[in-house]
Structure formats: structure tokens, C-alpha cells
Amino acid sequence: MVSRECQNWRSGADSVGGLKPRAAGCRPVDWPRGEADVGHIEQGLEQALRTRPVPLSTEARLRFLLATHRYSTRKVAIVLEVSQRTVQRWVTKKPGARRPPGPLHVRAIEEAVLARWQPRIRARRRAQAEAEGFVFHTRARFGFTAAAGSSDDPRVRWITQYLPGEVARELFAARDAGAGEQQQTVILARALGHAYFREWGRRAHGLYVAFSDVEFADFSIG
């Protein structure tokens, strides 16, 4: 099912700064995905919602899943859609009996951990960002097009800028609807164009911003 926000994007609904988003496909997907699958913006959003880093090793992630499910290998097996015996082989300490999970199971373990990591804290920090806004830090390539059709060659810039809660709400809605890095870049380009380059509408009217080649994207909440 496609969300209302995604339908609005496709129909060209107004958004931040009175500008309309570019056309972009939206596809419903389950969140979270593995961190290796997402771009800098999605990673930055996720990291901003956490107060502690996610365990890095598969062994540590399995220990977390076991602790979350009261050390029941049966319950962890149900979550990962494998047999209980398979989970027991992954976690046993008996010499020669341990069998490490393969790549597909490593991926499933990662996704299960991401889905269960600090859920209350994540919800609270998301609500705070949507209510109060956030500070966005990035190094990326920015180019400009004026209303008359002139344009500047894009160049790499470092930018730190406060953005309001409506931008956070749009970014999270995009993520929830399954939009990828391209749509999130469009949202941030419009927001930065309005707040940073046009100084909240006080200058450079009709200047449109192109935002690409993101090297990093950090979000500070609170």
C-alpha cells in the first residue's frame, strides 16, 4: 500500500518553502533495511535516533537477540525464520560444534537487531525532531538554477543549517513510504534552498538548488 505522502509527491503536492517536489517513484518496503543498503541520508537519520551504537559483530547481535527474547533459542529461531537447531549451532560454545551463519542469515540477523534496537528512544527522538526540528550537517555538491534559466556550476560545500520540524516529518514520511536517497535528497535540497540559500525567503527569490554527491549527512536532534 502506498502512503498518502507518497501519493502527494506523485501528484505534485506543495511542500517546504512553497516549492513542489520533483516526480519520484515511491515503493513500500519494510523498515529497517540493512545499513549497507541505505544511503548517507538514511544512515544519518537512523544514527540520530540512537543514543547507543548498534552491535557491529554478528556474535554480539545474536547475543542481543537472545537477551531480548529471554535467551530462548526457539523464539530467536522464529524471528529469523530458521530452525531452533540452527540458532543453537550459531551460539554454542562447544568446541567443533559451532557453525557461523551464512551471508543471508547474517543479513537477517542485522535487520532483526535494527528493528529492535532502542524502540522507545527512537520514537521519542523522532517525535522531538518532528516537533522542534534538527540541525543538518553535510558536505555535498550544490548547484543553482535561477528563475530566468541561468545556472552556476555545482561545487562542493560544507553546510550546517537548522531545519524545522516540517522537514523532519517529510523525511520520516518518505522513509516510511519506502522512498530512497533520491527523494530524500530532493526534500533536503528544497529545505536548504529556502532556509540557507534564500535565507528563509528574504533573498535570492527564484533560486533553485541541486543537491548531489553527498559525502556525509549528519542530523543533530535536541
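The first residue in the sequence is number 1, and the count goes up from there.
Nearest heavy atoms, Y162 versus E132: OH-O, 3.1 Å. Closest approach of A112 and L80 over heavy atoms only: CB-CD2, 3.9 Å. Of all non-hydrogen atoms in E215 and V156, the two that sit nearest each other are OE2-CG1, 4.2 Å. Listed here is the closest heavy atom pair of D213 and R141: OD2-NE, 3.0 Å. The shortest non-hydrogen separation linking V76 to L65 is CG2-O, 3.7 Å. Across all non-hydrogen atoms, the minimal contact from Q183 to A174 is CG-CB, 4.5 Å.
Sparse packing is recorded around CD of E81, with 12 or fewer heavy atoms of other residues, nucleotides or ligands lying under 6.0 Å away.
To the nearest 0.5 Å, atom CZ of residue R99 and atom CD of residue Q88 are 13.5 Å apart. To the nearest 0.5 angstrom, I187 atom CD1 is 5.0 Å from L171 atom CG. How far CD1 of I41 is from CG of D218: 11.5 Å, rounded to the nearest 0.5 Å. How far CD of Q47 is from NE2 of H40: 11.0 Å, rounded to the nearest 0.5 Å. Here the straight-line distance linking atom CZ of R61 with atom CH2 of W117 works out to 10.0 Å at 0.5 Å rounding. To the nearest 0.5 Å, atom CZ of residue R74 and atom NE2 of residue H69 are 10.5 Å apart.
Aromatic ring pairs are classed by plane angle as parallel below 30°, tilted from 30° to 60° and perpendicular above 60°; the pair F134 and F219 is tilted.
Between F142 and F197, the ring centre distance stays below 6.0 Å. Ring centroids of H105 and W90 are separated by less than 6.0 Å, placing the two rings close together.
For R126 and D176, the salt-bridge test passes: some basic side-chain N is under 4.0 Å from an acidic carboxylate O. Ionic pairing of E181 and R175 is not present here: no N-O contact between side-chain nitrogen and carboxylate oxygen is shorter than 4.0 angstrom. Under a 4.0 Å N-O distance rule, the pair R122/E46 qualifies as a salt bridge.
Residues R190 and V209 are not in side-chain contact: their nearest non-hydrogen atoms beyond the backbone lie 4.5 Å or more apart. Side-chain contact check for R50 versus L114: some heavy-atom pair is nearer than 4.5 Å. Using a 4.5 Å heavy-atom cutoff, the side chains of W158 and H137 are not in contact. Annotation: side chain of T138 is not in contact with side chain of T160 (no heavy-atom distance under 4.5 Å). Within the 4.5 Å cutoff, the side chain of L163 has heavy atoms near those of the Q161 side chain. Inter-residue side-chain proximity for V186 and F211 is flagged as unmet; no heavy-atom pair is nearer than 4.5 Å. Two residues are said to be in side-chain contact when any heavy atoms from C-beta on lie closer than 4.5 Å; L66 and T73 meet this criterion. Residues L45 and L49 form no side-chain contact, since every pair of their non-hydrogen atoms from C-beta on lies 4.5 Å or further apart.
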**Message:** Before you tell me yes or no, could you show the steps for R98 and E59 under side chain to side chain contact (heavy atoms under 4.5 Å, CB included), namely the whole-Å CA-CA distance, both residues' side-chain angles and the distance that decides it to 0.1 Å?
**Reply:** CA-CA 12 Å; R98 189 166 187 170; E59 291 77 11; 3.4 Å; yes

**Request:** Please lay out, stage by stage, how E170 and E166 fare under the test side chain to side chain contact (heavy atoms under 4.5 Å, CB included).
**Result:** CA-CA 6 Å; E170 192 173 4; E166 62 188 286; over 6 Å; no

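A chain of hydrophobic side-chain contacts below 4.5 Å, direct or via other Ile, Leu, Val, Met, Phe, Trp or Tyr residues, connects Y71 to L62. V106 and V54 are members of different hydrophobic clusters when ILVMFWY side chains are connected at heavy-atom separations under 4.5 Å. Residues I78 and V91 do not share a hydrophobic cluster, clusters being chains of Ile/Leu/Val/Met/Phe/Trp/Tyr side chains in contact below 4.5 Å.
Distance alone, capped at 3.5 Å, is enough to place a donor-acceptor pair between the R125 side chain and the A48 backbone. Looking at R85, its side chain never comes within 3.5 Å of a backbone N or O of V82 through a donor-acceptor pair.
Members clustered with L104: none, using a 4.5 Å side-chain heavy-atom cutoff among hydrophobic residues.
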